[in-house]
Amino acid sequence: TDFMTSNSTTAGAFLNNSFNMNGRIDEVKIHDRILSQSDLDELAGEHDLRHHWKLDGDVADTAGDNDGTNNGVTFESGKIGLAGAFDGASSVDLGPLDLSDSSNFTLTSWIWVSSGSTNIQTIFANANGGFSTDGFRFYVNTFNTANGRIHLETGNGTDGNAAASTTGIVALDTWHH
């Protein structure tokens with residue numbers, strides 16, 4: 001499903017500030033293309049970074065011009081340097097992401113979901129909840145569970161698509177990429 005990419009995007013929460021992350025997010029990247037498995041294995045493709053939020057003590061976009069607005073995120077030890085520490089109520093407003101000239105892109109991030117976290121733990125999204133809501137939602141856990149599934153949902157206001165991993169892919173209190 002084609003979906004809107006010009007909405008404001010939020011790290012750690014859905015666009016309406018629901019389903020907030022309780023854990024850490026580090027090294028958020030958006031590439032201009034779909035990365036191959038070898039790209040991911042070697043962390044190659046840095047030349048095509050559209051956005052990169054290292055979350056190393058600030059919310060600056062080191063590859064683009066979408067510096068974030070910090071809404072209560074603190075910083076602590078991360079996978080690489082520091083990471084944004086999300087407390088279940090905090091988030092980072094990344095603003096609208098200009099992906100209009102690229103119908104293919106890759107979202108990557110290191111995540112740490114803290115013990116006791118249930119329900120949806122948002123990595124980043126530019127839409128509210130709801131299957132066909134215009135935009136995307138990238139998160140861990142099915143609604144009202146702690147099943148460790150990774151979800152990507154897209155919608156265009158009428159139709160939607162969803163993809164999910166198997167249960168238990170994301171264990172608590174450890175880094176995942």
Side-chain angles (χ1 to χ4, degrees), residues 1-5 7-31 34-37 39-41 43 51 53 55 68 71-80 82-94 97 104-177:
T1 303
D2 289 337
F3 59 93
M4 178 163 311
T5 59
N7 288 347
S8 187
T9 300
T10 304
F14 279 13
L15 190 58
N16 62 350
N17 202 33
S18 63
F19 301 115
N20 294 68
M21 169 67 92
N22 184 19
R24 292 178 267 174
I25 301 176
D26 199 6
E27 298 292 322
V28 176
K29 298 177 183 180
I30 300 177
H31 293 264
I34 297 172
L35 298 182
S36 69
Q37 186 59 51
D39 288 335
L40 293 172
D41 290 343
L43 297 176
H51 301 287
W53 297 274
L55 300 174
N71 298 309
V73 172
T74 58
F75 301 92
E76 58 187 53
S77 178
K79 180 65 178 177
I80 302 169
L82 296 176
F86 295 76
D87 63 7
S90 55
S91 64
V92 176
D93 182 349
L94 302 174
L97 304 180
N104 296 310
F105 59 93
T106 300
L107 310 171
T108 67
S109 178
W110 284 98
I111 62 165
W112 172 293
V113 179
S114 296
S115 291
S117 300
T118 59
N119 215 345
I120 292 170
Q121 302 294 304
T122 304
I123 303 166
F124 42 146
N126 76 346
N128 299 327
F131 183 67
S132 63
T133 304
D134 199 3
F136 71 88
R137 292 156 301 282
F138 186 39
Y139 60 92
V140 176
N141 291 340
T142 304
F143 178 73
N144 255 357
T145 74
N147 64 3
R149 294 178 82 177
I150 300 170
H151 295 263
L152 176 64
E153 296 176 343
T154 63
N156 63 13
T158 304
D159 295 316
N161 285 322
S165 70
T166 58
T167 298
I169 293 297
V170 176
L172 300 175
D173 297 325
T174 190
W175 285 106
H176 298 275
H177 190 261

Provide the closest heavy-atom pair for [X] versus [Y] in the form atom of the first, atom of the second, distance.
X: Ala127; Y: Arg137; answer: CB-NH1, 3.1 Å
X: Ser90; Y: Ala85; answer: OG-O, 4.0 Å
X: Ser165; Y: Ile169; answer: OG-CG1, 3.4 Å
X: Ala13; Y: Ala125; answer: O-CB, 4.0 Å
X: Ala146; Y: Ser117; answer: CB-O, 3.7 Å

Output the distance between atom [atom1] ([X]) and atom [atom2] ([Y]), rounded to the nearest 0.5 Å.
X: Leu94; Y: His51; atom1: CG; atom2: NE2; result: 9.0 Å
X: Asp87; Y: Met21; atom1: CG; atom2: CE; result: 12.0 Å
X: Thr174; Y: Lys79; atom1: OG1; atom2: NZ; result: 7.5 Å
X: Ser114; Y: Phe86; atom1: OG; atom2: CZ; result: 11.5 Å
X: Phe75; Y: Leu82; atom1: CZ; atom2: CG; result: 8.0 Å

* From CA spacing to verdict: side chain to side chain contact (heavy atoms under 4.5 Å, CB included), Ile123, Val140 -> CA-CA 7 Å; Ile123 303 166; Val140 176; 4.1 Å; yes
* Asked: Between His177 and Trp175, is a ring-ring contact (aromatic ring centres under 6.0 Å, His included) present by the stated rule, with each step listed?
  -> CA-CA 7 Å; His177 190 261; Trp175 285 106; over 10 Å; no
Contact check, side chains of [X] and [Y], non-hydrogen atoms, under 4.5 Å:
X: Ile150; Y: Val170; value: yes
X: Thr10; Y: Phe124; value: no
X: Asn20; Y: Thr122; value: no
X: Leu107; Y: Phe136; value: yes
X: Phe14; Y: Ile120; value: yes
X: Leu97; Y: Ile30; value: yes

* Have Thr142 and Asn147 got a donor and an acceptor in their side chains that come within less than 3.5 Å? ->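 The answer is yes; a qualifying pair exists.
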Side-chain donor/acceptor of [X] to backbone N/O of [Y], under 3.5 Å:
X: His176; Y: Trp110; value: no
X: Asn141; Y: Gly148; value: yes
X: Asn161; Y: Thr154; value: no

* Audit row: Thr118, Asn144, side chain to side chain contact (heavy atoms under 4.5 Å, CB included) steps and yes/no -> CA-CA 7 Å; Thr118 59; Asn144 255 357; over 6 Å; no
* To do: Just do the side chain to side chain contact (heavy atoms under 4.5 Å, CB included) check on Ile25 and Ser109 with the steps written out, would you?
  => CA-CA 7 Å; Ile25 301 176; Ser109 178; 3.3 Å; yes
* Asked: Can you list the steps and then say if Asn119 with Thr145 is a side chain to side chain contact (heavy atoms under 4.5 Å, CB included)?
  -> CA-CA 5 Å; Asn119 215 345; Thr145 74; over 6 Å; no
* Asked: When you look at Asn126 and Ser8, which way does the side-chain hydrogen bond (donor to acceptor under 3.5 Å, both in side chains) test go after all the steps?
  -> CA-CA 6 Å; Asn126 76 346; Ser8 187; over 6 Å; no
* Please name the residue in the list Glu153, Gln121, Arg149 that meets the side chain to side chain donor-acceptor pair (under 3.5 Å) test with Tyr139. => Glu153
* Using a strict 4.0 Å threshold on nitrogen-to-oxygen distance, state whether Glu76 and Arg24 make a salt bridge. => yes
